[in-house]
Amino acid sequence: MTTSPLDRAADSFAAELARQRTARRLSKKQLAVLMGFDPSYVSHVEGRRHRPTEDFARRAEAVLEAGGAIWQRFREYDDVRQARNGHPHRELPLPGQWLPPGTGLVVEREVATLIHDDDGYRCVIRRELYNAGTEPVTRYLVRVAVDRYPNDPGRSNRHHREHPLTFAELQLRAYRDDGAGEREPMHWRAKHDRDAFKEIWLLFENGDRRFPLYPGDRATIEYAYRVGAEKWGPWFQRAVRLPTRHLAVRLDLPAALDPQVWGAETSLSAEEGPLRTPVHRRDEGVRAIFEWQTDDPPLNARYRMQWRFRARPEPEPDNPPTGRIRPSDRMRAAGVVQRGDDLLRQPARPFDLPAEEATARDMVDRLSAALVRLDELHPFSKGVGIAAPQLGVGRAVAVVRPPDRHADPVVLLNPRVVDVSPDSDEQYEGCLSFFDHRGLVPRPLRVDVEHAQWDGSRIITSFEYGMARLVAHEIDHLEGRLYVDRMTPGVPLVPVEEYRESGQPWRY
């Protein structure tokens, strides 16, 4: 018996859905709940009893963070369906849940080049953009971050406080290629200015005119900047913040320094590991050129190229670490699972309520007791939360205690964020499972959370400001994320010894 092209396309979608789901160790019922569908719906789609809808494909792509793989299978299925029904082939827009809020940009190609010479490092980024959205794009956000000693955060932070990166030294230049060989200068405006980190809006305008990127149009932008060797550490990182078709990275280093280059990659769903394909070297006179590229990198993936010059060893730290007891050691001794444990990277299993009410109540008691024990180790003036995976239990429950100790703790059973405010801010966060450092994390100022009650019914609660941050942090734990996954790429962690806001509430 032969199958039709439509059946084969539906089978391909179902197989990709099953592959992505099992890779994240989710049951069909768990995935359906996370997507907001009836518990049997995923089973019906995977079993070919239901054909995929656009809404189903969008939600599956967003929940499983499949890097576009599920959506691509749906596009193939829908193209066949449209052709069978006599409709002309059309280019479907990418799903809104897969694009960063407020943008419709796709990077069709990025080529990032870093050149090391006697004056330091020169970085040149060239991006071919396509506006797949519905609104004109008038600005583009770029980030510049330095980390002189990437394996020694304390030393690096001290160094950049004493030698901060400045806009003046960057000598930033940006251009838009108009497609006819002419380069149109782009003005820029600073967004964030910190010692080791800059955020900059590249504007689709200059002193002569404005040239927004309209829906359906393409443009190539290029920007370049310089950083002295005394501030640039031996690494070059690219982060995939927009859907990207092709990414290429090129290092141009002096051959006389005998460079040795390697790479690593990480994503929201995977710990750091080596690049999946090798870095290629070729020599051009006195220069050593190292090149690496990838197609269709997943959203939020990060690729870091690192090197050392064997002809010029890196100086040793002035103050090597001692055998002191670290804050994370105290948390580990208190029973809190620490970063690196596989459980912290796995989605937690929801409770079947009310059938598992007794089990859920017992877990809430354990979490509440743990918070009491932790009060003896640290003053949590900003409030504190703990999720079941942090105690080694992969179930979907967390307890959050507000900054006001007289307020009742919030119990989050089977929670999921259903809406967030468009406004956000950045504040420093700590984590019981990563307690040696603090990190600057962007979060929405309001989150609306749907969560279960003991009888299995579900309600929606809105949290604002500090509580929104605490609640979002714990829900991340239940979804297999740490706060470092939310940080802006390139922003360094701050060792807890150098963190200056302990004992102070967040400011809004």
Side-chain angles (χ1 to χ4, degrees), residues 153-154 271 321-349 351 358-413 415 427-441 466-467 469-487 493-506:
E271 295 288 347
T322 65
R324 63 180 178 82
I325 298 176
R326 299 177 301 172
S328 59
D329 295 331
R330 294 197 296 271
M331 291 295 155
R332 185 179 291 106
V336 179
V337 172
Q338 294 300 295
R339 186 189 188 194
D341 191 294
D342 289 343
L343 187 62
L344 295 178
R345 287 301 188 179
Q346 299 173 13
R349 183 162 58 93
F351 289 95
T359 303
R361 286 187 181 275
D362 178 67
M363 194 66 235
V364 169
D365 290 342
R366 287 182 58 186
L367 293 170
S368 300
L371 289 180
V372 173
R373 293 196 306 271
L374 293 172
D375 279 336
E376 300 175 0
L377 301 178
H378 186 83
F380 295 99
S381 59
K382 295 179 175 67
V384 63
I386 189 169
Q390 294 180 280
L391 293 186
V393 181
R395 301 306 300 270
V397 60
V399 174
V400 178
R401 193 180 68 204
D404 180 2
R405 289 177 175 265
H406 299 293
D408 292 333
V410 173
V411 175
L412 299 170
L413 279 167
Q427 304 268 10
Y428 279 100
E429 291 183 16
C431 179
L432 300 175
S433 295
F434 189 38
F435 215 58
D436 295 330
H437 296 84
R438 300 293 183 265
L440 194 62
V441 185
M467 276 300 290
R469 182 170 290 275
L470 288 167
V471 166
H473 181 112
E474 297 310 319
I475 292 177
D476 273 354
H477 273 303
L478 300 181
E479 295 177 349
R481 295 189 182 95
L482 296 177
Y483 76 73
V484 291
D485 302 325
R486 299 286 189 188
M487 291 177 63
L493 293 165
V494 176
V496 66
E497 297 87 356
E498 299 181 20
Y499 179 60
R500 300 175 180 177
E501 298 180 34
S502 291
Q504 302 179 28
W506 286 307

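We use all heavy atoms of the structure for the numbers below, so side chains are in, but hydrogens, waters and symmetry mates are not. Quick note: residue numbers are just sequence positions, from 1. In this text the structure is predicted, and so the values were computed from the model without any measurement.
- At a cut-off of 3.5 Å, with distance as the only test, a side-chain donor of Gln390 or Ser433 sits close to an acceptor on the other residue.
- In this structure, the salt bridge (charged side-chain N to carboxylate O under 4.0 Å, His left out) partners of Glu479, at least two apart in sequence or on a different chain, are Arg481.
- Formation of a donor-acceptor pair under 3.5 Å by the Arg395 side chain with backbone atoms of Arg349 is found in this model.
- Summarising the geometry of Met331 relative to Phe380, their closest heavy-atom pair is CE-CZ, 4.4 Å, with the distance given to 0.1 Å.
- The closest donor-acceptor contact from the side chain of Asp485 to the backbone of Leu482 lies under 3.5 Å.
- With sequence neighbours left out, the side chain to side chain donor-acceptor pair (under 3.5 Å) criterion links His473 to Glu429, His477.
- Of the possible polar contacts, one joining the Asp436 side chain to the Ser328 backbone as a donor-acceptor pair under 3.5 Å is found.
- Checked by atom type and distance alone, the side chain of Glu474 never pairs as donor or acceptor with a backbone atom of Ala472 at under 3.5 Å.
- Under the rule for a salt bridge (charged side-chain N to carboxylate O under 4.0 Å, His left out), Arg373 has no partner lying at least two apart in sequence or in another chain.
- Listed by first and then second residue, the salt bridge (charged side-chain N to carboxylate O under 4.0 Å, His left out) pairs that reach into residues 384-394 come to none, sequence neighbours excluded.
- Residues meeting the ring-ring contact (aromatic ring centres under 6.0 Å, His included) test with Phe351, sequence neighbours left out: none.
- Seen from the ring of Phe435, Arg438 counts as a face-on cation partner, given the 6.0 Å and 45° thresholds.
- Shown here are the salt bridge (charged side-chain N to carboxylate O under 4.0 Å, His left out) partners of Arg366, two or more places apart in sequence or in another chain: there are none.
- Smallest separation of non-hydrogen atoms from Leu493 and Gly439: CD2-CA, 4.0 Å.
- Residues Gly392 and Val337 share a closest heavy-atom pair of N-CG2, 3.5 Å.
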